[in-house]
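Structure, as structure tokens:
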Amino acid sequence: MEALTSLRSEIDLLDRELIRLFAKRLALVSQVGQVKHRNGLPIYAPQREQEMLQARRREAEKMGVPPDLIEDVLRRLMRESYASENRFGFKKVNPHIQKIVIVGGKGKLGGLFAHYLNASGYFVETLDIDDWKRADAILANAEAVIVSVPISVTLETIERLKPYLTENMLLADLTSVKRTPLAKMLEVHRGAVVGLHPMFGPDIAGMAKQVVVCCDGRFSERYAWLLEQIQIWGAKIYTVTADEHDHSMTYIQALRHFATFANGLHLSRQPIKLAGLLALSSPIYRLELAMIGRLFAQDAALYADIIADKPENLTVMESLQQTYKEALVFFENGDKAGFIQAFNQVKAWFGEYSEQFLKESRQLLQQANDFRHHSS
Ligand code: NAD
């Protein structure tokens, strides 16, 4: 027992030393943040990150420390660093912009963009649901108008903006669907138009490494500054057509949200208690429950709108139902060979991603297990 106590105090001392080193590192990172802010450099520097991780992995290996351990720790530290680099604000890419109006700016995503634009030195005004009587004054002299209202009122809101828009204004939106809002923006406005879809929710720690999808409307040279600004915040811009975007979202959003909703609905009707399942769960089941449960902590109307967006979504959801039925037949008929054959077909379809996903998910599972707390 004495030996254990002495070893534990040594570990405590080392942990304190680690905290001191972390504090020192965070202070240095904070200086990096200031330099990046002054020079308008993006928060996320992929090449520097990659090279640094590779070098530390090699050094760790030489010292008998598992490289994966060092990579884990450094990645976690870097995530913290990206968030702390935000504190200094960002360079204002377009100093000529006097005013940006966010329609729906009191909402979750509009509020997030208002925060980032403010932190980059832009003057941002909000036009929310109760502000339309002052719309003239709010929109006067705005150089950019960003629409971020619930999907169900997006088209009518864009239409409502029509009398206030002047040709020199940039009209953009952040809607999770792109084809109809973009077409509506092009219809009501003769100036620059761009459709954006941030592929993240309002609860992100920072924009580093996040994705923003961009669908060109008109006069891309007039909104290039906004894309550059978003990249300085750390996000990656992917430009696709609105049709390509909406087609991909059938799977990335509609199908996934639908399947998650159906899973939650099904579970809630089973004779089980969540606490009991959690106590016995494997890390992967815990993670799966977390992914399902997380949906129900969010906005039901947003998900309803995303799932119901277009007929293609319903077709794919129906085909999921059909696949469930077909998969069930293997087990109704005791057809183990048929199941294995289908399994291998899917495995071939995933190809090398299958191995990559195994590796990635292993790390997630270990993390899920780290968060587990058994009372003694
Ligand atoms: P939200 O409900 O939090 O915010 C919407 C805001 O719009 C509210 O402040 C509301 O008062 C305002 N509003 C409603 N009707 C209005 C009107 N007629 N005129 C002016 N303002 C009006 O919703 P949100 O989650 O911020 O979503 C906004 C947009 O962002 C949606 O198009 C959504 O598809 C998109 N989006 C959301 C997320 C997310 O995770 N929340 C992610 C990506 C994209």
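These numbers were taken from a predicted model, which means no experiment stands behind them. When a ligand or atom number is given, it counts from 1 through the structure's own listing order.
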Between E228 and K91, is there a side-chain N and carboxylate O pair less than 4.0 Å apart?
-> no
Identify all N/O pairs between ligand 1 and the protein with a separation under 3.5 Å and present them as a table of atom names and distances.
unit_1, atom_1, unit_2, atom_2, d
ligand 1, 3 (O), K108, N, 2.9
ligand 1, 3 (O), K108, NZ, 3.0
ligand 1, 9 (O), G107, N, 3.0
ligand 1, 9 (O), D128, OD1, 3.2
ligand 1, 9 (O), D128, OD2, 2.8
ligand 1, 11 (O), D128, OD1, 2.4
ligand 1, 19 (N), W132, NE1, 2.9
ligand 1, 21 (N), I129, N, 3.2
ligand 1, 26 (O), K108, N, 3.1
ligand 1, 26 (O), L109, N, 2.8
ligand 1, 32 (O), V149, O, 2.9
ligand 1, 34 (O), S176, N, 3.0
ligand 1, 34 (O), S176, OG, 2.6
ligand 1, 36 (N), S176, OG, 3.4

Sorted by chain and residue number, the side chain to side chain contact (heavy atoms under 4.5 Å, CB included) partners of S354 (sequence neighbours excluded) come out as F350
Carboxylate-amine/guanidinium contact E156 R160, below 4.0 Å = no
In chain order, what residues pass the salt bridge (charged side-chain N to carboxylate O under 4.0 Å, His left out) check against K99, with sequence neighbours excluded?
-> E125
Between K108 and D299, is the closest basic N to carboxylate O distance under 4.0 Å?
-> yes
Could you list all the salt bridge (charged side-chain N to carboxylate O under 4.0 Å, His left out) pairs where at least one residue sits in residues 182-193, not counting sequence neighbours?
-> E159-K184, E167-R190, K184-E187
